Protein chains: 2
Amino acid sequence: MKELTKQQSKVLACVEVYLNKTGFPPTRAEICKELGFKSPNAAEMHLRALEKKGYISIQSGSSRGISIVKSQQAFEKNVNQMPVIGLVAAGSPTLAEENIEKRIPCDPSMFSDSFDYFLKVKGLSMIDAGIHEDDLVAIKKTIDVKNGDLVVVRLEDEVTLKYFKKNNHNLELIPANKDFSTIEVDLREQEAFIEGKSVGLIRTH
Amino acid sequence: MKELTKQQSKVLACVEVYLNKTGFPPTRAEICKELGFKSPNAAEMHLRALEKKGYISIQSGSSRGISIVKSQQAFEKNVNQMPVIGLVAAGSPTLAEENIEKRIPCDPSMFSDSFDYFLKVKGLSMIDAGIHEDDLVAIKKTIDVKNGDLVVVRLEDEVTLKYFKKNNHNLELIPANKDFSTIEVDLREQEAFIEGKSVGLIRTH
DNA sequence: TTATATACTGTAAAAATATACAGTATAAAT
DNA sequence: ATTTATACTGTATATTTTTACAGTATATAA
């Protein structure tokens, strides 16, 4: 998703706030009043840019015909666009905008447990669990995981999706593929960050 | 809260549906078009009544200045409830109410192609394709399938999910499990009904 | 029988709104 | 040095939209 300029970001925020407050989108003139512009064309141009970049859609010819496609703020109203994050080898899978590959229209309550983002699977280490490369695993951010859960763990700079098993200070991260071996971590020697656990999976055919 | 008349209720529902679909409220004329009224005043009067009874508020002088104060339906925002159908051995997987096991809040556009319902997988015949028992396969109702597509086919009274391969009148339904054998159908002798094809899959962990 | 409320049609005008066009200014890139 | 992108002002107009007014029809209540 293309980056927004400072002013475009302001205009998008203005639309979102207005929508939240009144229940309907603002007119060009109202955006101008809110942001101190003196010409409706200022708002118009920013809206066009936002549409081009995919953040809003504009119903041409309709008054107030603006709808939010992708909210920049995490408004609870637009949670039906769930972010997809690549399972990058380095660093934590943060929800920062640059890490979001795309968004998928669905509800965080679609699985039995709610989730926060999708993680795109790399590699074949979980193939015997029916988890293929490029599958999207729904991750709930939590550190409350039990043995047997499918978890996202970060070791140093590497993020991995494995079955979880812990006995005292001995952590095992177990793959579902006989060609891969279990990662064993002695928690007294190395830190392991539990990013979350999988509550579901989706795949596009 | 005062009761609504039948027509007022229709108008309120119309506003809610429009809002859900487009992200902004309808004009008087659009309500008329939607409900078959021939005068904008019909919509106007109903809106005034709805405001008086406290269901909506109207920003006077503003176009589309309607906001919902009290929703009559418990709309789940923009989220559709997609039906889940069991892969029953007998008969076509119809969307009749009695065949719907449950509904899942998600969007029909969440996969690259739209879909109509989820089919709950029975058996292990597609396990090497990473499709497990009780996985939900998203099915698009279509007869436009190509060789290699994952399709839902009905043979006599049996519904099956397999890979599709057709040469002239020779249809092969290929499983993804070496313990199962390909179903071969001579279309001159036996009918095969293509119910649809899979566009995606979801699984709850 | 006469109100009264609901449920509209049809028309029209005033106001709101989108949107095109012609400019200006500034900073960064080529 | 010139182009390009961002970020506006200012004006004008066609279109959209609200909203008032004048009616018609029907069912229900007083």
Side-chain angles (χ1 to χ4, degrees), chain A residues 1-19 21-69 72 97, chain B residues 1-19 21-70 72:
Chain A
M1 184 75 58
K2 275 165 196 153
E3 291 258 327
L4 295 182
T5 68
K6 218 165 191 173
Q7 289 302 82
Q8 285 162 9
S9 180
K10 264 192 198 173
V11 170
L12 180 53
C14 172
V15 172
E16 293 187 271
V17 166
Y18 192 102
L19 206 44
K21 213 164 51 184
T22 67
F24 45 89
T27 64
R28 276 53 166 176
E30 284 161 350
I31 294 171
C32 290
K33 200 182 161 192
E34 206 68 37
L35 298 180
F37 303 155
K38 288 179 183 165
S39 165
N41 196 44
E44 179 72 26
M45 289 311 174
H46 288 310
L47 291 175
R48 293 280 174 81
L50 286 168
E51 190 183 33
K52 213 171 197 171
K53 292 184 179 179
Y55 284 78
I56 65 174
S57 85
I58 299 173
Q59 177 92 249
S60 146
S62 290
S63 68
R64 303 177 187 273
I66 305 168
S67 57
I68 304 290
V69 172
Q72 62 174 354
E97 203 56 46
Chain B
M1 185 75 58
K2 277 165 196 156
E3 291 261 324
L4 296 183
T5 69
K6 219 166 191 174
Q7 289 302 83
Q8 285 162 10
S9 179
K10 264 193 197 171
V11 171
L12 180 53
C14 172
V15 172
E16 292 187 272
V17 166
Y18 191 102
L19 206 44
K21 212 164 54 186
T22 66
F24 46 87
T27 64
R28 279 43 166 187
E30 283 161 351
I31 294 171
C32 290
K33 200 181 162 193
E34 206 70 35
L35 299 180
F37 303 154
K38 288 179 182 163
S39 165
N41 196 42
E44 179 72 28
M45 288 312 172
H46 288 311
L47 291 175
R48 293 282 174 82
L50 286 168
E51 189 182 33
K52 213 170 196 171
K53 292 183 178 178
Y55 283 78
I56 64 174
S57 84
I58 299 173
Q59 178 91 248
S60 148
S62 290
S63 68
R64 302 176 189 273
I66 304 167
S67 57
I68 304 289
V69 172
K70 174 172 182 289
Q72 60 174 355

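Remember, it's a predicted structure, so these values are computed and weren't measured experimentally.
Contact annotation: the side chain of B/Ile66 approaches that of B/Arg28 to within less than 4.5 Å [non-hydrogen atoms, C-beta and beyond].
Atom CG of B/Asn41 and atom P of D/dA22 are 13 Å apart (whole Å). One interatomic measurement links the two molecules: CD of A/Glu44 to C1' of C/dC21, which rounds to 12 Å at whole-angstrom precision. Atom CE of B/Met45 is separated from atom C1' of D/dT26 by 17 Å (rounded to the nearest Å). Between A/Arg28 atom CZ and D/dT16 atom P the separation is 14 Å, expressed in whole Å. The NZ atom of B/Lys6 sits 22 Å away from the P atom of C/dA5 (whole-angstrom rounding). Put simply, NZ on A/Lys38 is 22 Å from P on C/dG23, counting in whole angstrom units. Rounded to whole Å, the distance from CG on A/Leu47 to C1' on D/dA7 is 14 Å.
Of the candidates C/dT17, C/dC8, D/dT19, C/dC8 carries the atom nearest the B/Gln7 side chain, counting heavy atoms from C-beta on. Residue B/Arg64 places its side chain closer to D/dT17 than to any other of C/dT17, D/dT17, D/dC8. Residue A/Gln8 places its side chain closer to D/dA7 than to any other of C/dA7, D/dA7, D/dT17. Of the listed nucleotides (C/dA7, D/dC8, C/dA12), C/dA12 has the atom at the smallest distance from the side chain of B/Pro40. If you check D/dC8, C/dT19, C/dG10 against the side chain of A/Ala42, the one that comes closest is D/dC8. The side chain of B/Thr27 lies closest to D/dT17 when the candidates are C/dA20, D/dT9, D/dT17.
For C/dA7, one of the phosphate oxygens OP1 or OP2 lies less than 4.0 angstrom from a side-chain nitrogen or oxygen of B/Thr5. Between A/Ser60 and the phosphate of C/dT19, there is a side-chain N or O to OP1/OP2 separation shorter than 4.0 Å. In this structure, B/Ser63 reaches the C/dT17 phosphate: one of its side-chain N or O atoms is under 4.0 Å from OP1 or OP2. The side chain of A/His46 places no N or O atom within less than 4.0 Å of a non-bridging phosphate oxygen (OP1 or OP2) of D/dT6.
A side-chain donor from one of A/Glu30 and A/Tyr18 sits under 3.5 Å from a side-chain acceptor of the other. When only modelled atom types and interatomic distance are considered, A/Ser57 and A/Ser67 share a side-chain donor-acceptor pair under 3.5 Å.
Residues B/Cys32 and B/Ala43 share a closest heavy-atom pair of SG-CB, 4.0 Å.
Each of A/Ser62 and B/Gly36 lies near DNA chain C, and the nucleotide nearest B/Gly36 is the one positioned closer to the 5' end.
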